[in-house]
Structure formats: C-alpha cells, structure tokens
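Everything on this sheet refers to the single structure shown next.
In what follows, chains carry the letters A, B, and so on, assigned in the order in which the sequence lines appear, proteins first and then strands, with residues in each chain numbered from 1.
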Amino acid sequence: MTDTTSTTSTTTTAPSAATKGDGLARAYRPSDVEGAIYERWLAADVFAPDGAGSRARADAESFTIIQPPPNITGSLHLGHAQRAAVEDLMIRHARMTGRAALFLPGLDHASIAAQFVLDRILAEEGESRQSLGRERYLERMQEFVTTTREVILGQERRLGASLDWDRLRYTMDDGSAKAVRVAFKTLYDRELAYRSEALVNWCPGCRTSVSDLEVISSPETGTLWSIRYHLIDDATGEPLPDETVTVATTRPETILGDTAVAVHPDDDRYRTIVGRRVRIPFVERDVPVIADDVVDPAFGTGAVKITPAHDHDDHETGKRHGLPMPTILDDAAAIAATGTAYDGLDRYVARDAILADLAARGDLAGEQPHELVLGRCDRSNDVVEPRLKTQWFIRTGPLAAAALAATRSGAVRIVPDRFDKTWEHWLTNIRDWNVSRQLWWGHRIPAWYCPDGHVTVSSEIDGPAGCDVCGRPAAELRQDPDIFDTWFSSGLWPFSTLGWPDETADLRRFYPTSVLETGWEIIFFWVARMVMLGIELTGRPPFHTISLSGLIRDPLGKKMSKTKGNVVDPLAVMEEAGADALRFALIHGATAGMDQRFGPQKLELARNFANKLWNAARFVLGARPAELAADAPRTTAPESDLGPTERWIRSRAAATVEAVDRGLAEYQFGEITRALHDGIWSEFCDWGIELAKVRLADETVPPAQRAATWSTLVDALDTYLRLLHPVMPFVTEAIWAEVPRRPGDPELLIVASWPASEGRDTTSDARIGEIVDTIVALRNARAQASIPAGAWLETHLAPPADAFDAFEELAPAIGRLARARPLSLHRQAAGLARPAGALEVVLPAGDIEATIVPPAASDDTIGRDRARLERELVEAEGHLGAARARLGNASFTEKAPPAVVAGARRREAELSDQVARLRERLGR
RNA sequence: GGGCGAUUGGCUCAGUGGUUAGAGCACGCGGUUCACAUCCGCGGGGUCACUGGUUCGAAUCCAGUAUCGCCCACCA
C-alpha cells in the first residue's frame with residue numbers, strides 16, 4: 001500500500017503522481033506500514049535541515065532541539081518515549097512550517113550509572129573494578145556500551161523520531177572530550193574552577209564522592225546515644241573520674257575524630273568549663289571545650305562533640321576555631337588511621353564495638369530512639385559519609401546569578417511557570433559544585449600536578465608541555481586520576497553537539513537552540529547547569545524555552561521501576577498497538593509539569609483513533625464521484641458549488657487548525673490531541689462525512705456540486721492529515737500516499753506545508769448546527785420511545801421559519817440520518833401533521849418541532865413519549881426559572897457586559913417558548 | 001521547617017470569571033445502513049474536597065481547613 005517506486009524525490013509535483021491507485025488496505029495494521037515508512041523518510045533524506053529532501057529554505061529561521069541524551073547503558077522506557085514523542089512533534093511541526101528544523105540525536109555515557117550497572121554484571125562473573133584494573137575495566141565498558149547503543153537507537157527509529165542521524169553525538173566522543181577540556185580550562189582561567197580540600201559527600205559503595213544533588217535525604221529512626229567525656233584536671237593533666245560533660249551523638253564511631261566539645265556561649269550550665277579540656281576515649285586525645293552559637297542549648301544535653309572531618313556543621317565549627325581535622329574513615333568507610341584497635345573495622349561494626357567498650361568503661365550515659373535524616377547515595381543507596389577530600393569545584397555563584405537573570409528577564413522561559421519558584425530557590429541557595437569523581441568511566445580531569453604541588457590545567461589533547469608555574473617537563477607531571485561528574489559533559493551538551501568550542505557553521509546556525517523538553521526531575525542536575533555553563537561559555541542561554549514534562553506512572557499512580565515489575569516496554573507496546581498509538585497516548589496525557597498515569601485504556605483510545613482515521617480516509621478516497629477521472633489533479637471547488645455542508649466541513653477543519661496552533665504555541669500538547677480527536681472523530685467523521693455521503697449518493701444533485709462535496713472532503717482530510725502528522729506520523733504518511741495532491745505538494749507528508757490558519761473562516765454554518773440538533777432530537781425521541789433503531793418512520797418537521805430552504809436542501813440527509821421516511825417539511829409548526837399516537841419533538845432552540853408517526857401506536861409507545869416530554873418540561877422549567885432569576889437581578893442587568901445580558905435574554909426567550917410548546921404538546 | 005502540586009461523573013483526566021461543567025473508558029438500552037464492531041445510535045451518572053470571602057456572576061480569583069503526593073532543608 002505504500003509507494004515503493006520513488007523514494008528519492010520528495011518534490012515531484014506532477015499531476016500524474018497525484019494518486020497511487022493502490023488504495024488503503026481494508027484493515028489498518030500499524031506494523032505493516034510503520035517500518036517501511038521510516039525507511040522512506042531516511043531514503044528521502046528529509047530529517048536533516050540541509051538534507052536532499054528538505055524543503056527548508058537556505059535562509060530559513062532555525063528550530064533546534066538537541067535531544068536529551070538517554071543513558072547508553074539501558075533501554076528506553078516510557079518516559080523517554082514521551083519526551084521523544086513531544087520533541088518529535090515540535091520538530092515535525094517546525095519542519096512543516098518551512099523552518100530549518102534540527103533534531104539532534106545523542107547518547108550519554110552516564111559515568112556513575114554505567115559503572116554501577118557494569119559493576120553488577122562483573123560481580124556476577126566474579127570480577128570487580130579492582131580485579132580488572134582501570135584499563136581492562138574501560139575496555140569492558142566499551143564492549144558493553146557498543147551493544148546497548150544499538151538497542152536505544154533502534155527504539156528511537158521505531159518510535160518514528162525524525163532525528164538527524166548524521167549528526168549523532170555521544171558525550172564520550174572526541175568532540176565532547178574537547179569541549180570538556182576547553183570548558184574546564186576556560187572556567188579555570190576565569191577562576192570559576194578551583195581545587196580545594198573540602199568536606200564532600202562520600203559514597204562507600206560507589207567509592208567516589210557525589211554532588212549534593214546525588215544525596216537523597218532519607219528519614220529514619222536511629223538511636224541517640226549519650227556519652228560522658230571526662231574533664232582534664234589542669235593540675236595533673238589527667239582525666240577526672242567524676243567531672244564529666246555528656247554529649248549526644250547518633251554516630252558514636254565518630255568520637256575517634258573528635259577534636260572539641262562545643263556548648264552555647266550563653267549556656268550557664270557550661271559557662272565554667274569553657275576553655276577547659278576533655279579526654280576523648282580510645283584515641284586518648286585531649287580536646288578543648290569551646291563556645292559556639294551553632295549549638296542549640298535545648299537539644300540533648302546542650303553539649304556537642306565536634307568531628308570536623310566527618311560532619312558538615314562540625315566542619316564549619318572546626319574552621320572557625322582552628323581545630324585539627326583528623327580523617328578516620330577510608331574509601332570503604334572502615335575506620336582507619338586512628339591508631340586504635342578499631343582500625344580496619346567497618347563503620348557499623350566499629351560503632352557497636354565502641355558502644356560496648358564505652359558501656360564497659362561506664363561512660364555510656366544513655367540511649368534513646370531518635371528520628372533523623374540520613375543522606376543516602378542516589379545510585380547505591382549506601383549511607384553517604386561526609387569526608388575531607390581535595391577536589392575540583394565549580395564556583396557556582398556568578399554562574400547562578402547569570403542563570404537567574406536569564407529567567408527573570410524572560411530570555412529563558414520555563415513552562416509551566418510555577419517552576420520559576422523552584423528554580424529561583426535552588427539557584428539562590430546553590431553551593432559550589434564538586435565535579436571530581438573517583439571513578440574511571442568518564443572524562444579525565446585535565447589537571448596536572450608537579451612534584452612541587454603546582455597545578456597546570458590544559459585543554460590540549462596531549463596535555464601540557466610542562467608545569468605552568470615552574471616549567472618542569474611534562475614527564476614529571478602527574479595527571480589528576482579523577483574524572484568529571486557526568487553532568488559536567490551533559491551541561492555542555494547544547495553547544496558541544498554543535499561543534500563548540502569551534503565556531504562551526506552548525507553552531508552559528510542552530511545555537512542557541514529553541515526548546516529544551518525534559519522531565520522536571522532533572523531540572524537541577526541538568527537544566528540549570530546547561531543554562532549556567534551555556535551563558536558563561538557561549539555568552540547566550542542555550543535555549544529560550546524549558547518545557548517540563550512529568551513522570552509516566554503505572555495505572556495505579558505508582559512510579560515505574562524494575563524492582564516493582566511495573567515497567568512498560570515501549571517496544572512491546574508499539575508491536576501491539578503501533579508507534580502512532582503510543583505517541584498519541586503519551587502526548588494526549590501530557591499536561592505541562594504533571595505526571596501522568598499510563599495504562600491500556602489510553603493506548604486503546606489512541607489505537608482506535610488511528611483506525612478511525614484510516615477508515616475515514618478509505619471512505620473519502622473511495623467516494624470519488626465517477627465523473628472525476630481517477631488521475632485528475634485536485635482542484636478547489638468554486639465557491640458557488642458549495643452548500644451548507646461543505647462550508648461547515650471547511651469551517652470545522654479551520655477551527656481545528658486554530659486549536660492545534662494554539663496548543664503548539666502554548667506547549668499544551670494534550671490540547672493538540674484533544675482538538676484533533678474531537679475534530680476528526682466527532683465533527684468530520686460523525687457529521688461531515690455522514691452529511692456528505694447523502695449528497696454524494698444523490699443523483700439529483702448536479703455533478704459539479706457532488707464534485708465540490710467530494711473535494712471538500714478531500715481538502716478536510718488533507719488538512720487533518722497535516723495537523724495530525726506530528727503526532728501520528730506513520731498512519732498519516734501512509735494515507736497521504738493515496739491522497740490526490742495539489743500542485744506544489746511534496747510526495748512525502750513529512751515535508752508538506754503546515755496549514756495556514758489565517759484567512760480561513762472558522763465560523764461554522766449555523767444551519768448545520770440546527771440540523772444536527774434536529775437529527776439528534778429525532779433519534780432521541782425514537783430511542784426513548786423504544787422504536788426499533790432500523791425502522792423508517794413517517795416524519796413531519798417544521799424548521800425555523802428563516803431556515804426553511806437550508807432544511808429543504810438537506811432534507812435527504814435529515815431523512816437518512818434520522819431514519820425519517822417519508823419526511824415532509826412544513827413552513828409552520830401549526831401546520832404540522834399530528835396523527836394520533838405520533839411522537840412529539842420540541843427542540844429547545846430555533847422554534848423547531850417535529851412529529852414522528854410510528855406504524856402502530858401502542859399505549860406503551862405513547863406513554864414513553866409523554867414521559868420523555870414531561871422530563872424535558874421539568875428540565876426546561878428549571879432552567880427557565882434560573883434564567884428569569886438572573887434577569888430579575890437588577891445588578892446583573894446593570895453591571896454585566898451587554899453581550900452577556902443579551903445572551904441571557906435570548907436564552908430566557910427560548911426557554912419560555914420551549915416550555916410553552918412542551919405544555920401545548922402535553923395538552924396543558 | 002520551607003515550597004509546590006493534586007482533590008471535577010464508577011475509573012483516567014480536560015476545563016484559569018459568563019448561558020445547560022466536557023471527553024475517553026466503564027455502565028444500561030438498541031443496532032449485520034454499502035469507511036470503520038478497533039464501529040454506529042440513544043441514555044443514566046457530577047452538592048467541581050470543605051469553610052469563608054471578593055463579584056451582578058466562582059469548578060475557575062483570594063484566605064483558611066482537610067486528605068494525598070512531590071521537591072528542597074547540615075541540628076548533634
């Protein structure tokens with residue numbers, strides 16, 4: 001069914017190519033068409049803005065989306081699929097508007113996440129990072145990502161993402177490596193990157209430091225132990241058995257690193273001991289009692305042990321008081337270098353041992369359950385330990401200020417805007433960013449140290465020639481063994497992918513990019529850092545709009561996770577329902593910044609919709625009037641041949657264009673699918689096609705008018721296909737191949753032009769509205785009276801006086817759609833035939849009445865009909881009462897806008913008329 | 001401790017001041033009409049969480065309350 005003869009040219013416009021003639025298959029099977037169509041797009045080279053098949057003008061404004069690069073270690077989940085669907089939607093729309101649309105694909109090496117995954121695989125094989133060593137470990141990683149890479153790229157193709165594959169990038173490729181080096185060197189030269197010893201978050205499981213963002217606060221119940229420290233006798237220098245100060249701690253093992261006890265300066269209980277010394281047990285170290293505001297006298301005993309190397313508060317206190325800062329934990333969080341018997345014990349084993357020993361000494365004063373907040377590693381869930389390390393940091397203050405300025409000035413807009421507050425809060429409280437990781441898989445930090453301790457940062461691929469300070473040759477320099485936080489290379493992504501730091505043509509043309517679309521959960525990890533680094537390094541924010549989507553949850557609202565087993569595989573879904581259905585379902589549920597639940601019902605809605613479109617297209621294409629030659633080029637019907645039906649169809653399509661445009665402009669993606677679903681199904685299929693059918697089948701309608709009806713249907717189908725293409729690219733492209741084209745239309749829908757909304761009449765023909773209401777009312781009366789659905793019944797209809805001609809013209813349609821035959825029209829309701837037992841129909845608006853004559857009026861039928869009229873009367877009277885109350889309120893008529901008041905009066909008139917007519921019909 | 005969001009029919013969700021609050025699913029009744037049973041027709045079903053306020057008019061704006069969820073936060 002798809003055209004396979006011409007896959008290279010997309011600009012052929014010859015009329016002979018107007019139809020393919022193969023027709024659409026009777027049944028719609030997505031899997032039959034989707035793969036072949038993606039191949040056609042690839043062959044036609046339409047994805048790249050500068051591809052052979054592109055219809056973007058050379059000077060066209062660019063529209064760029066750099067794909068948020070999925071982690072190379074996994075496969076795509078529904079969240080990826082949703083983002084890709086939304087991004088592809090925007091790109092396809094931009095492409096159809098003639099812009100130079102670039103959708104650049106990429107992959108992220110995902111340093112720590114990848115190591116975590118590989119480490120687990122290695123563990124199953126009885127190997128480990130340590131057993132392999134750095135070189136073999138990295139080789140193994142390369143092997144691993146080579147296979148996963150293909151899985152991901154295949155999934156994106158299957159989804160129909162129109163990514164420019166020739167521009168595929170990877171955060172570990174040479175271009176990214178260069179960008180990382182140059183970015184770091186630039187930041188260093190500007191004193192925005194510095195090396196310093198600081199307390200960092202250490203994950204003992206991952207054996208690396210992690211950033212503040214990667215530490216997850218976890219409320220847990222622990223124990224608060226009270227421990228007695230003995231004061232020192234100034235005379236003897238020995239601890240006093242009976243003079244103690246009691247401190248409280250949740251981590252008793254850290255007493256090995258204590259270098260002070262702190263109390264509040266105004267705390268009378270401890271005023272006398274400030275300045276004295278206490279002995280720390282086991283390490284037998286004498287440390288001072290200091291006074292500091294940080295201590296809350298009301299908490300615990302009011303005396304706090306200070307461990308400057310392993311606690312953030314204590315570290316600050318230690319700095320203020322010039323305290324020593326002994327480190328007591330090694331990389332695995334075992335006790336180390338304390339000179340005690342605990343050395344070599346795991347932190348928790350040591351904790352128990354220390355508690356037992358304290359108790360034995362009589363210095364454990366008490367314990368109580370305690371609610372505390374533990375920091376756990378985002379990746380491994382290990383409890384993170386604060387630890388002193390010399391690391392590289394990015395000075396975020398100035399960068400954050402610039403990022404804030406960008407959102408405040410409107411240069412960068414966040415959708416939805418309520419995230420502005422979150423953005424502001426985070427960026428105004430941001431701390432310097434630790435970018436050193438003690439991992440192997442990633443970009444090595446381009447800093448070299450000479451034996452004298454001088455630091456040389458180089459952006460050269462081979463490193464520096466020598467020490468920047470003392471000139472020692474490179475051979476004597478040692479490169480920092482650490483790598484960068486994976487988000488450092490991610491932060492450069494919008495420009496590193498376009499060639500930065502080189503002034504490439506792509507960078508000039510496509511940077512700054514247009515929209516960043518991603519989940520709100522990585523707004524700090526990634527989005528904020530791209531904005532900060534983009535502004536600092538390129539002078540411009542990397543995109544003008546941040547569109548935030550939500551999480552895809554399971555039907556119960558639970559987060560999807562492998563351990564819960566509720567993960568939905570996009571590939572399986574696409575096999576079952578098609579990529580189009582998946583895309584539609586995901587976009588349909590998208591409300592900016594909100595999570596959505598995803599289940600089979602949503603997918604079914606989408607699949608059914610694709611099927612509906614397919615069948616509507618089959619009908620339209622098959623309904624070509626015989627007078628029109630099969631290969632005749634498509635023409636626009638002259639205005640004079642259009643009737644109410646045609647004008648209505650046209651106006652509804654135009655209204656859908658407007659609605660879709662609005663959704664796009666406001667990043668309200670769910671509104672787009674809603675407008676299309678309604679427009680195509682409830683308007684075009686339910687009424688447009690049904691009304692047109694009657695005219696097309698009517699031999700008495702002049703051929704020119706029948707041709708006009710058909711071409712109106714084709715025009716509308718054409719418009720809907722274009723509008724729907726960004727959402728459901730495959731089915732629309734497949735149908736497009738069969739739709740006769742206008743001169744200038746390309747062979748492939750993907751590069752067809754977007755429907756213009758200007759100059760279209762979106763005001764629907766009011767007459768059709770009345771006729772639709774009439775048909776519905778007739779059907780209703782029949783169904784309520786239990787008339788068999790298929791029965792053709794004699795019907796008498798009195799249309800509104802001023803609409804008689806329109807009703808007369810559409811009488812065949814009314815007759816068919818309401819199964820009214822014979823149907824007679826009467827100029828006045830008074831003249832309506834009212835045989836005994838006829839069903840009475842009274843429309844609320846427009847002075848429309850009808851009677852339906854059942855073949856044999858039973859009491860039952862009559863009773864049901866009267867009951868329906870009674871219900872309608874009660875309802876109408878209720879509304880009438882409300883309308884009169886409103887109009888009776890003087891302040892309403894005085895203060896409400898005249899149009900609203902006029903509307904209320906009209907409504908009141910209609911209702912009172914309807915009530916009167918209903919009463920009359922009921923014989924009251 | 002701060003901040004954000006949600007609360008609308010049985011379910012999932014639209015709907016940011018104006019007539020009668022919508023959709024899909026589910027439900028009930030009826031349909032082999034020549035595009036579609038992945039369909040067609042008709043119907044039932046909602047005090048828009050609660051309280052107060054602003055307004056001629058509130059699902060919608062404001063204040064507060066409740067429940068659920070999320071984010072941020074160094075108190076031992």
Side-chain angles (χ1 to χ4, degrees), chain A residues 24 26-28 199 217 224 247-251 254 262 294-296 299-301 303-307 311-316 370 372-373 375 386 418-419 421-422 425-426 429 520-521 523-524 551 555 557 577 581 588-589 591 593-602 604-623 668 670-671 674 677-678 682 685-686 689-690 693 697 776 779-784 786-790 816-817 819 844 875-876 878-879 882-883 886 889-897 899-901 903-904 906-908 910-911:
Chain A
L24 296 171
R26 194 174 157 74
Y28 168 61
L199 210 55
S217 299
L224 186 67
V247 296
T249 183
T250 55
R251 296 190 294 158
T254 61
V294 79
V295 179
D296 173 5
F299 186 90
T301 60
V304 188
K305 59 190 277 309
I306 301 296
T307 322
D311 182 278
H312 287 101
D313 268 347
D314 292 2
H315 186 67
E316 294 303 312
H370 183 64
L372 72 165
V373 177
R418 67 183 145 84
F419 280 95
K421 251 188 179 163
T422 317
H425 181 258
W426 192 74
N429 294 293
W520 50 258
E521 74 274 10
I523 186 168
F524 305 135
L551 251 46
H588 197 56
T591 308
M594 298 292 290
D595 294 351
Q596 65 163 304
R597 298 179 192 201
F598 184 88
Q601 301 92 336
K602 290 185 177 177
E604 219 167 290
L605 159 76
R607 185 202 55 174
N608 294 352
F609 180 55
N611 182 65
K612 185 74 180 176
L613 177 74
W614 181 267
N615 282 296
R618 281 183 54 218
F619 171 78
V620 171
L621 296 175
Q668 307 262 349
E671 292 303 315
R674 264 179 282 285
H677 189 267
D678 281 4
S682 306
C685 291
D686 286 354
I689 287 182
E690 292 305 324
K693 266 182 189 172
V776 169
R779 286 170 172 172
N780 181 357
R782 294 167 50 114
Q784 300 273 305
S786 296
I787 303 283
R816 169 161 165 171
L817 297 181
R819 296 193 87 70
E875 198 185 337
H879 291 319
R886 180 177 300 112
N889 183 346
S891 48
F892 170 71
T893 47
E894 283 161 22
K895 295 186 182 171
V900 173
V901 177
R906 215 164 30 241
R907 168 116 179 102
E908 193 271 343
E910 273 173 13
L911 282 166

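Distance from the side chain of A/Ala896 is smallest for B/G18 among the nucleotides B/C4, B/G18, B/C72. Listed candidates were B/C56, B/G24, B/A76. Nearest to the side chain of A/Asn889 is B/C56. When each of B/A76, B/G24, B/G18 is scored by its nearest atom to the side-chain atoms of A/Val304, the top-ranked nucleotide is B/A76.
Taking the six-membered ring where the residue is Trp, A/Trp426 and A/Phe524 present parallel rings, their angle staying beneath 30° rather than reaching 60°.
To the nearest whole angstrom, the two P atoms, one in B/C4 and one in B/U65, are 14 Å apart. A gap of 32 Å separates the P atoms of B/C75 and B/C62, to the nearest Å. When the P atom is used for both B/G45 and B/A23, the distance is 14 Å, rounded to whole Å. When the P atom is compared between B/A49 and B/G44, the two are found 23 Å apart, to the nearest whole Å. Taking atom C1' in both B/U8 and B/C13, one finds a spacing of 9 Å when rounded to whole Å. One P atom belongs to B/C61, the other to B/C48, and the distance between them is 15 Å to the nearest Å. Between the C1' atoms of B/U7 and B/U12, the separation comes to 14 Å (whole Å).
In this structure, A/Lys421 does not reach the B/G3 phosphate: none of its side-chain N or O atoms is under 4.0 Å from OP1 or OP2.
Taking only distance into account, the side chain of A/Arg886 never meets the base of B/U19 through a donor-acceptor pair shorter than 3.5 Å.
Between the CE atom of A/Met594 and the CH2 atom of A/Trp520 there is a distance of 10.5 Å, given to the nearest 0.5 Å.
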Watson-Crick and G-U pairing of RNA chain B written in dot-bracket, each distance under 3.5 angstrom, with | for inter-strand partners: ((((((((.[[[[.)..(...]]]].(((((.......))))).....[[[[[..)....]]]]])))))))....
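By the 4.5 Å heavy-atom criterion applied to side chains, A/His879 and A/Arg907 are counted as neighbours.
Between the side chain of A/Lys602 and the backbone N or O of A/Arg597, at least one donor-acceptor pair lies under 3.5 Å.
The residue A/Pro897 sits close to a base: some heavy atom pair falls under 4.0 Å. Among the protein residues, A/Thr591 comes within range of the sugar-phosphate backbone only, with heavy atoms under 4.0 Å from sugar or phosphate atoms but none that close to a base. Within 4.0 Å of A/Glu671, counting heavy atoms only, lie sugar-phosphate atoms of the nucleic acid but no base atom. A/Arg597 comes within 4.0 angstrom of sugar-phosphate atoms only, judged by non-hydrogen atoms across all strands, and of no base. Note on A/Trp426: nothing from the nucleic acid sits closer than 4.0 angstrom, heavy atoms only.
Contact detail for A/Asp314 and A/Thr307: the closest heavy-atom pair is OD2-N, 2.7 Å.
Mapped onto RNA chain B by nearest heavy atom, A/His370 and A/Asp595 fall at different nucleotides, with A/Asp595 at the one closer to the 5' end.
Between the side chains of A/Arg618 and A/Asn615, at least one donor N or O sits under 3.5 Å from an acceptor N or O.
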Annotated protein contacts, base or backbone, on nucleotides 32-43 of chain B with a non-hydrogen cut-off under 4.0 Å, one of B, S, - each: -B-BB-BSSSSS
